[in-house]
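Taking it in order: structure first as structure tokens, then the write-up.
Since the model is a prediction, treat every value here as computed from it, not as a measurement. Throughout, a chain's letter reflects where its sequence line sits, starting with A, and its residues are numbered from 1.
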Protein chains: 2
Amino acid sequence: MTEKLTIRDIARLAGVSKSTVSRVLNAHSNVDAATRERILNVMQEHGFMPNAAATGLAKGHNPLIGLLVPALTWELVTDVLQGVAAVIEDTQYEIILYSASPEKDFSFIIDRMLATNMAVGLLALLHTQSPQHLVELHERGLPVVLINHVASRANLPWVGIDNAAAASAAVRHLLDLGHRRIGCILGLPEIPCTHDRYQGYCQALHEAGLEVDPALVLQGDYTCEGGRHCARQFFAMDTPPTAIFASNDLTAYGVLQAAEEQGIRIPEDVALVGFDDIPPSAHVQPPLTTIHHPFKEMGRHAAQLLLTLINQRDVYSNRRKKGQVAPVEEQITPSHIILPTHLVVRKSCGATFTINSI
Amino acid sequence: MTEKLTIRDIARLAGVSKSTVSRVLNAHSNVDAATRERILNVMQEHGFMPNAAATGLAKGHNPLIGLLVPALTWELVTDVLQGVAAVIEDTQYEIILYSASPEKDFSFIIDRMLATNMAVGLLALLHTQSPQHLVELHERGLPVVLINHVASRANLPWVGIDNAAAASAAVRHLLDLGHRRIGCILGLPEIPCTHDRYQGYCQALHEAGLEVDPALVLQGDYTCEGGRHCARQFFAMDTPPTAIFASNDLTAYGVLQAAEEQGIRIPEDVALVGFDDIPPSAHVQPPLTTIHHPFKEMGRHAAQLLLTLINQRDVYSNRRKKGQVAPVEEQITPSHIILPTHLVVRKSCGATFTINSI
DNA sequence: TTGTATGCGTTATCAC
DNA sequence: GTGATAACGCATACAA
């Protein structure tokens, strides 16, 4: 079964020419309804599927969407993949996975992708600066969407969150619980969202009429070890903070470890809030209050946006071929999407009523 | 830059014909060394990369390796991806991602994959029975490797672990700590490794001269909730077990939750051992003693095995074309690979000396 | 509405 | 060793 049939075979079986088969394959309108039906039947009957390579060659590109992810270590990657897959798999496209690592940066992969002419679009999940390469690709006409990267400078479409607002909400929660000395453990300075989260911290304090005490702001690195290190510094102070805002959940885990080492109780002695809501956060002891980062939704929205862009480009290039110039009632597509975040209140912050504890 | 050059352009620039360019592209031996060098230079200079679709069409298949994963929820998927990516990205192949869900089973995806003629091989990460479809694919000549699935009946290549031996080691550890009443929370019956892990449990008891007490074997479902439910049953017994072997880490988390609910201390009152060593297990309180499941290594080995199989097939088909019949000194490739596991001793089992606690 | 002819970029089969 | 030329399977401008 599923012998390698070609449109030629289908054409013969249906008593038409290859062209007509190709037309129904591409949903062209100018095909007689009866003929279309007949061809469709033959296809169904024989389980025909067009050869992708041939289609790709003729059309100039393959039905592939590149997904560029950093070293696949983050829990977030799984979620993003899920979101992307959920959308893409309902379409004709396939996902082709590119992973980058420090040693092997994207530039190589991207060149290869473009040169071999395999993909029609690219989703890129980045945690460092957006490489100039992506901008180039975009300017050359390859649809590109950045995931989790609010690149206001670069004119690339992206989907992300408002890190500052989210961080602000987290800190405000601590303020509402009565805390006034709130420590902050920063993330890696080279990652853009680090700055935004710090800004959110500052803003929440300002809005509460408080000054930012530089002694309460320590430099972390988004790792467990970094968090542990900073927490020890906090705990060693004459007047330690009564609450800590950690720039991500891993950092918060480090704080938990340091606290346990020194017999400091969380949240009784020190309240703690993280950021990202990665899976372990529901299981650590005490469960971590944190900002839910909608990774899956980001993947979903990014994929949808990309599909829209691909579609638009196709429509545009078709028009151009047909001599039309001015876009008629062009559909406006937002190219920057900010998804909402929310605070997940668990036990580590000491709020009296906890919701969604698992 | 990187304008769309074809071998035709390269040929012109190097003063040769397309054929010769194609030959150096495919590393054919019958090309003059000087000519080859010249062509290679021109390619390098212009950053030429052959169009993949065209190559695929001419050769009959694309340089793509399918990776079939279940619903992308498991932490394990991330690790497997890493392992696979690490190997595949050093080759000419790309990874094309297929994800399956209960509603959308593989058969569709597989047919599509085969029919469209996109991939040269398939890696499949399964947690249920190996679908007959994969066997069909394999018998039709498509290299297939199963990941984390010891399918002794089906004649498919696979890489997995010895679940029984690993479970046995976990239970033996509890026995060595002096426990005699050891509860067991089973996984889903439809998943093959469930049975193996239970066998390991039984075997360890038998080797210690103990009988399996049916009252101490509860039916879980590999989820947190299932574990919690079973743990409550255990704790409600007149003489509860002094130790629990959970069939996976999520189940163990449920036990931890149930214990905390009821003020039962782990490991002081009940010792606990899990299975899989997913990332949160190092962070839960107390950190979980568990069997390390080498997901990443499985991915790596599976990818390598697949590449070997693809290569063998190519060599074979080439030989056949050239009229050779008998394989000369055929390289024997193991088609079944069992990777070692090990017990990661953390605090939940109550062992006095703990290693690798984070 | 349908068929014919040509091109997509590469590989492979021939000759030379 | 090298160069024409025919596939590979499909899409499409053009003719009918």
Side-chain angles (χ1 to χ4, degrees), chain A residues 2-39 43 46 48-63 92 114-118 120 314 317-318 320-323, chain B residues 2-39 43 46 48-63 92 114-118 120 314 317-318 320-323:
Chain A
T2 315
E3 299 304 331
K4 299 277 170 71
L5 293 182
T6 72
I7 55 170
R8 191 180 184 135
D9 300 311
I10 302 298
R12 188 167 32 76
L13 290 168
V16 296
S17 77
K18 292 194 305 176
S19 324
T20 308
V21 176
S22 177
R23 286 192 189 96
V24 335
L25 229 37
N26 292 279
H28 288 190
S29 53
N30 48 347
V31 176
D32 182 77
T35 312
R36 152 177 281 108
E37 206 57 39
R38 185 152 38 94
I39 295 176
M43 286 181 176
H46 295 268
F48 168 79
M49 299 220 62
N51 177 301
T55 307
L57 183 54
K59 282 194 167 166
H61 55 76
N62 283 344
Q92 54 170 320
L114 190 66
T116 58
N117 210 340
M118 295 275 284
V120 288
D314 289 353
S317 65
N318 277 345
R320 212 173 42 175
K321 278 192 208 157
K322 293 183 182 170
Chain B
T2 315
E3 299 305 330
K4 299 274 172 72
L5 293 183
T6 73
I7 55 171
R8 191 178 183 134
D9 300 313
I10 301 298
R12 188 168 32 75
L13 289 168
V16 294
S17 75
K18 291 193 309 176
S19 318
T20 308
V21 176
S22 177
R23 285 190 189 99
V24 335
L25 229 36
N26 292 279
H28 288 192
S29 52
N30 49 348
V31 176
D32 182 79
T35 312
R36 153 177 281 107
E37 205 58 41
R38 185 152 39 94
I39 296 176
M43 286 182 175
H46 295 266
F48 169 79
M49 299 221 62
N51 177 302
T55 307
L57 181 55
K59 281 193 168 168
H61 56 75
N62 283 343
Q92 54 171 318
L114 190 66
T116 57
N117 210 340
M118 295 275 283
V120 289
D314 289 353
S317 65
N318 277 344
R320 213 174 41 177
K321 278 193 210 155
K322 295 185 180 167

> For A/L13, what residues pass the side-chain contact (heavy atoms from CB on, under 4.5 Å) criterion, not counting sequence neighbours?
Replying inline: A/V42, A/H46
>> Whole angstroms only, please: what is the NE2-C1' distance between B/H28 and C/dA12?
In response: 8 Å
> Rounded to the Å, how far apart are B/N62 CG and C/dT10 C1'?
Replying inline: 12 Å
>> If the condition is side-chain contact (heavy atoms from CB on, under 4.5 Å), which residues does A/R23 pass it with, not counting sequence neighbours?
In response: A/S19, A/T20, A/H28, A/N30, A/V31
>> What's A/S22 touching, base or sugar-phosphate or nothing? Going by heavy atoms closer than 4.0 Å.
In response: base
> Quick one: are B/M43 and B/V21 in side-chain contact, heavy atoms under 4.5 Å?
Replying inline: yes
>> How many whole angstroms separate atom CG of A/N26 from atom P of D/dC10?
In response: 11 Å
>> Taking 4.0 Å as the cut-off, does a side-chain nitrogen or oxygen of A/N51 come that near to OP1 or OP2 on D/dC8?
In response: no
> Which heavy atom of A/A52 sits nearest a heavy atom of B/M118, and at what distance?
Replying inline: CB-SD, 2.9 Å
> Separation of A/L57 atom CG from D/dA11 atom P, in whole Å?
Replying inline: 11 Å
> Separation of A/R8 atom CZ from D/dA11 atom C1', in whole Å?
Replying inline: 15 Å
> About how many Å separate OG1 of A/T55 and CD of A/Q92, when rounded to the nearest 0.5 Å?
Replying inline: 9.5 Å
> Is there side-chain contact between A/I39 and A/I10, with at least one heavy-atom pair below 4.5 Å?
Replying inline: yes
> Which residues satisfy the salt bridge (charged side-chain N to carboxylate O under 4.0 Å, His left out) test with B/D32, sequence neighbours excluded?
Replying inline: none
> Bend across the helix from C/dT1-D/dA16 to C/dC16-D/dG1, to 10°, with axes taken over 5 pairs at each end?
Replying inline: 40°
> Between C/dT10, C/dT11, D/dA11, which one does the side chain of B/A54 approach most closely?
Replying inline: C/dT10
>> What is the separation between atom NZ on B/K59 and atom P on C/dG9, rounded to the nearest whole Å?
In response: 18 Å
Quick one: which protein N/O atoms are closer than 3.5 Å to N/O atoms of nucleotides 1-5 of chain D? Pair and distance per line, please.
from, atom 1, to, atom 2, distance (Å)
D/dT2, OP1, B/T35, OG1, 2.6
D/dT2, OP2, B/D32, N, 2.9
D/dG3, OP2, B/S17, N, 3.0
D/dG3, OP2, B/S17, OG, 3.2
D/dG3, OP2, B/T20, OG1, 2.7
D/dG3, N7, B/R23, NH2, 3.4
D/dG3, O6, B/R23, NH2, 2.6
D/dA4, N7, B/S19, OG, 3.3
D/dA4, N6, B/S19, OG, 2.7

>> Can you measure A/I7 atom CD1 to C/dT2 atom P for me and round it to whole angstrom units?
In response: 15 Å
> Pairs in or reaching into residues 7-17 of chain B: which pass salt bridge (Lys or Arg N to Asp or Glu O under 4.0 Å), with residues at least two apart or in two chains?
Replying inline: B/D9-B/R12
>> Using whole Å, what does the distance between atom C1' of nucleotide D/dG9 and atom CE of B/M118 come to?
In response: 14 Å
> Do you know the tightest heavy-atom contact between A/N62 and A/G56?
Replying inline: OD1-CA, 2.9 Å
